[in-house]
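For reference, the structure is listed below as structure tokens.
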Amino acid sequence: MQTNKIPMSGNPDPMSLLVNDAQKAEWNNQGLPSDQVSCENGAILTSSERYPLMIDPQLQGITWIKQKEMKNNLQVTRLGKKDLMNNLEMAIEAGWSVLIENMDEQIDATLNPIIARNTFKRGNKKILKIGGKDLTLSDKFRLFMHTKLANPHYPPEIQAEAALINFTVTEDGLGDQLLTLVVSKERPDLAKKKVELIQQQNDFKIKLKELEDSLLYKLANAPDDILADVELIENLEYSKKISNEIAEKVVIAKATEIKINEASEQYRPVADRGALIFFLMNELYKIHSFYMYSLESFVVVVNRAIDSISEKKPGKSKASIPDVDKKEEGEEKPEGEEGEKEGEKGEEGGEQGQEGEEELAPSLSPRSLKKRVDLLTKTITEFGFNYVRRGLFEKHKLIVSTMLTLRIQVRLGRLNTDEVNHLFLGRLHPQPGQQPDVLKSFINDQIWSSCCALEEYIKPHFEKFTQSLLEESIQWKKWYGVEKAEIEDLPKSFSGLPLFYRLLLLRAMRPDRLPSALTMYVSEVMGEEYVQQAPFDIFATYKETDSSTPIFFVLFPGVDPTPDVEKVGETLGITANNGKFVNISMGQGQEDRARDAIFKAAKEGTWIMLQNLHLMQSWLKLFENYLEKAIETADPNFRCFVSSEPPPLPDMKIIPESILQNTIKVANEAPQDLKANLRRAYAKFNQNFIDESPKPNEFKAILFALCMFHSLMLGRKKFGSQGWSRNYNFNDGDLTICADVL
């Protein structure tokens, strides 16, 4: 535009043509996030003639729509409801708004005439023909379509006729939301004042817009002699007075807002880390279709993490889980107590004065605040990772922990993105040149090309790397031939190579040792707990559930989650014998029984377990609807447990997204290393089991030997035919039966 010298304003902004500040303020009051992307989505939705189809996995857009359209008698419905078409027909003629929520990729053909707006004129009226009926289309009618699918694929005609709007939260937007959450927990005085200021600013914008519109209307309809209109002059004076008062209050509010923002920004690293973890979680579906998570569930995890290192009472937070496993609690309680006392002081300060600029309550000292922020960041990272790791397959745990570690290091500026990508991709040099004869005895052409790529792209750490290979070829050959190259000393010229760059070296020359090296790297940078997982504890997992959060067990050969669930139920007096626990193995003919059992358990506050959901593909959509309806009015004691085998291929979708997103996933698969297998096997037996033996000391030693033998047998399986001549799945059942025999 500048090249062609097209006249335009200094800072052209298309948004200013579609929406003004008063409208944005009103949307924010109705629940729309205030970030730029959300405001742009709102502008498109309200300005487009086409009916919107919202891609909204985090349910931010639908929350706003329900508030915004409430005054227009919003009708909320779903595809498949019996009264869907009747509600639509009434809304079209009456001018009501209709929201169709939780849509799939298949859209009912009966909606096509409405979505396409296939109307014709009859006099001054627009007529819409649906199912043989001629309906008068009201100008006030609005149709909103919504899907929770993160990456839906709709047919071309839907994409052309509807306005697809992506309400998926951005990382910056999520960071702002998490910052608000963290500040509300740590400094409730700041959070309260910030909310009041935002509300006040929005009200000011709306009021000024109303005054402006009122004045323009009266001036447009004023008589020829404006000075003779006393009422108009009085309104002008009143408007000027109100405008000046608002301007004075805005100046004071701006100054207070700056102070609040400066204090709140101290907690920005915590919010950024939370956003980083969630967006990593949000991309794991590319590894396996079972790895899907919702923002709502993640917020619960963040709340629980903050509460675990705080002396605040759990009842103060709606989303917090009051009873957290003691193993997950932080150790620095005195510091959390200090933060609470400061927060209490802040609440007292927050109640002073409404008009003048308020003095904010003093925060922690800079040193204490930094320690508190570091502790919060560390705790949220641990809780978020453990929440994800519990549902990961064994072969993916190291991948996810490595991805998290590298993303954190890049975000902190300790690693370069290009170097991390080099580790992932294992780049080769396009023109490596002739390989020296002295190196051909122990490396091939591909390794030589990788070494040349290191020297070319990773500077200065691999500068003169190929020269070192030639000059110290004997030392490099010795290093290349050792079994555990990741812990062996490098030749002298590269003896001080940092740990991450040793990963790059192994990626180029010894990729077979890379998993072990990555384990060492994650352990050193993040901590041992990110590579060594404690045995699965069903009691700790149960404490994180509620009536709206089922547990989803991933089934593996020989792993049966039923005994774990029954063990928890027995401690709470919920068993199959007293009718409070229903266990249904799904299969043909079990659909009606499962449906009735779900609603009965939700009403009476009992437990239900549905196993082998993968066998009921055609019924799962109905199950999803049943579960959503049951949860809406469920007794607080209601619990739902489901299980399914993983699909044959990682990208196959056999379970609905909403079930995967809103459940606590548990993949209690046997680990691949001896130590973890031994810990997992021994954790199957508690002290009561040992005490039942007439010789508990001797039995304890023999039981340990049995667990060691079991772990060795499981470990041999990964060697295939070299481990066992025939494949046999030694499982938990074999272990417990042998222990009972002992």
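All values reported here derive from a predicted model rather than from experimental measurement. Below, all heavy atoms of this structure are taken into account, side chains as well, without hydrogens, waters or symmetry copies.
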Taking the six-membered ring for Trp, are the ring centroids of [X] and [Y] within less than 6.0 Å of each other?
X: Tyr521; Y: Tyr530; answer: no
X: Phe298; Y: Tyr387; answer: no
X: Phe556; Y: Phe393; answer: yes

- Quick one: do Val565 and Tyr542 satisfy side chain to side chain contact (heavy atoms under 4.5 Å, CB included)? Show the steps, please. CA-CA 9 Å; Val565 177; Tyr542 173 75; over 6 Å; no
For [X] and [Y], indicate whether the former's side chain and the latter's backbone hold a donor-acceptor pair under 3.5 Å.
X: Ser450; Y: Gln446; answer: yes
X: Glu472; Y: Pro491; answer: no
X: Thr545; Y: Thr541; answer: no
X: Glu455; Y: Thr466; answer: yes
X: Arg507; Y: Leu514; answer: no
X: Ser297; Y: Asn662; answer: no
X: Lys665; Y: Leu660; answer: yes
X: Ser643; Y: Asn612; answer: yes
X: Ser289; Y: Met652; answer: yes
X: Arg510; Y: Val482; answer: yes

- Item | Chi angles and distances behind the side chain to side chain contact (heavy atoms under 4.5 Å, CB included) call for Ser473, Leu439 | CA-CA 7 Å; Ser473 59; Leu439 301 180; 4.2 Å; yes
- Could you walk me through whether Glu544 and Arg390 pass the salt bridge (Lys or Arg N to Asp or Glu O under 4.0 Å) test, one step at a time? CA-CA 13 Å; Glu544 300 177 19; Arg390 185 170 47 202; 2.9 Å; yes
Considering non-hydrogen atoms only, spot the tightest contact between [X] and [Y] and give its length.
X: Ser441; Y: Val438; result: OG-O, 3.5 Å
X: Glu456; Y: Lys459; result: O-CE, 3.5 Å
X: Met281; Y: Val388; result: CG-CG2, 3.3 Å
X: Leu179; Y: Ala271; result: N-CB, 3.4 Å
X: Ser644; Y: Ile654; result: OG-CD1, 4.0 Å
X: Ile380; Y: Val270; result: CD1-CG1, 3.3 Å

- With side chain to side chain contact (heavy atoms under 4.5 Å, CB included) as the test, would you mind laying out the steps for Asn668 and Phe553 before giving the verdict? CA-CA 8 Å; Asn668 190 20; Phe553 291 99; over 6 Å; no
- Query: Would you say the side-chain atoms of Asn166 and Thr168 include a donor-acceptor pair closer than 3.5 Å?
  - Reply: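 Yes - a donor-acceptor pair under 3.5 Å links their side chains.
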How about [X]: does its [atom1] atom have over 12 heavy atoms from other parts shown lying under 6.0 Å from it?
X: Lys492; atom1: NZ; answer: no
X: Phe704; atom1: CZ; answer: no
X: Glu265; atom1: CD; answer: yes
X: Phe709; atom1: CZ; answer: no
X: Leu649; atom1: CG; answer: yes
X: Gln617; atom1: CD; answer: yes

Say you draw a straight line from [atom1] of [X] to [atom2] of [Y]; how long is it, rounded to the nearest 0.5 Å?
X: Gln475; Y: Ser493; atom1: CD; atom2: OG; answer: 8.5 Å
X: Leu469; Y: Met509; atom1: CG; atom2: CE; answer: 5.5 Å
X: His461; Y: Glu463; atom1: NE2; atom2: CD; answer: 11.0 Å
X: Leu503; Y: Leu406; atom1: CG; atom2: CG; answer: 8.0 Å
X: Met520; Y: Glu486; atom1: CE; atom2: CD; answer: 6.0 Å
X: Ile538; Y: Phe536; atom1: CD1; atom2: CZ; answer: 4.0 Å

If you measure from the Lys or Arg side-chain nitrogens to the Asp or Glu carboxylate oxygens, is any gap between [X] and [Y] under 4.0 Å?
X: Glu524; Y: Arg502; result: no
X: Arg407; Y: Glu283; result: yes
X: Asp374; Y: Lys371; result: no
X: Glu488; Y: Arg513; result: no

Are [X] and [Y] packed together at the side-chain level, in the sense that at least one heavy-atom pair is separated by less than 4.5 angstrom?
X: Asn303; Y: Val299; value: yes
X: Leu706; Y: His710; value: no
X: Ile443; Y: Gln435; value: yes
X: Tyr291; Y: His396; value: yes
X: Glu419; Y: Phe500; value: yes
X: Arg268; Y: Asp176; value: yes
X: Ile655; Y: Phe290; value: yes
X: Val525; Y: Ile408; value: no

- ring pair (Phe, Tyr, Trp, His ring centres under 6.0 Å) with Trp476: which of Trp448, Phe465, Phe442?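 Per the ring pair (Phe, Tyr, Trp, His ring centres under 6.0 Å) rule, the option paired with Trp476 is Phe465, out of Trp448, Phe465, Phe442.
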- Give the C-alpha distance, both sets of side-chain angles, the deciding distance and a yes or no for side chain to side chain contact (heavy atoms under 4.5 Å, CB included) between Val302 and Phe383. CA-CA 8 Å; Val302 173; Phe383 272 67; over 6 Å; no
- Query: Does NZ or CZ of Arg427 lie under 6.0 Å from the centre of the six-membered ring of Tyr457, at an angle within 45° of the ring axis?
  - Reply: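 Because its charged atom sits under 6.0 Å from the ring centre and within 45° of the axis, Arg427 does stack over Tyr457.
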- Message: Just to verify, what does Glu528 make a side chain to side chain donor-acceptor pair (under 3.5 Å) with, not counting sequence neighbours?
- Response: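 In terms of side chain to side chain donor-acceptor pair (under 3.5 Å), with neighbours along the sequence ignored, Glu528 is linked to Ser523.
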- Message: Using the rule given for side chain to side chain donor-acceptor pair (under 3.5 Å), can you reason through Thr562 versus Asp560, listing the C-alpha separation, both sets of side-chain angles and the distance that settles it, and then say yes or no?
- Response: CA-CA 6 Å; Thr562 307; Asp560 183 10; 2.9 Å; yes
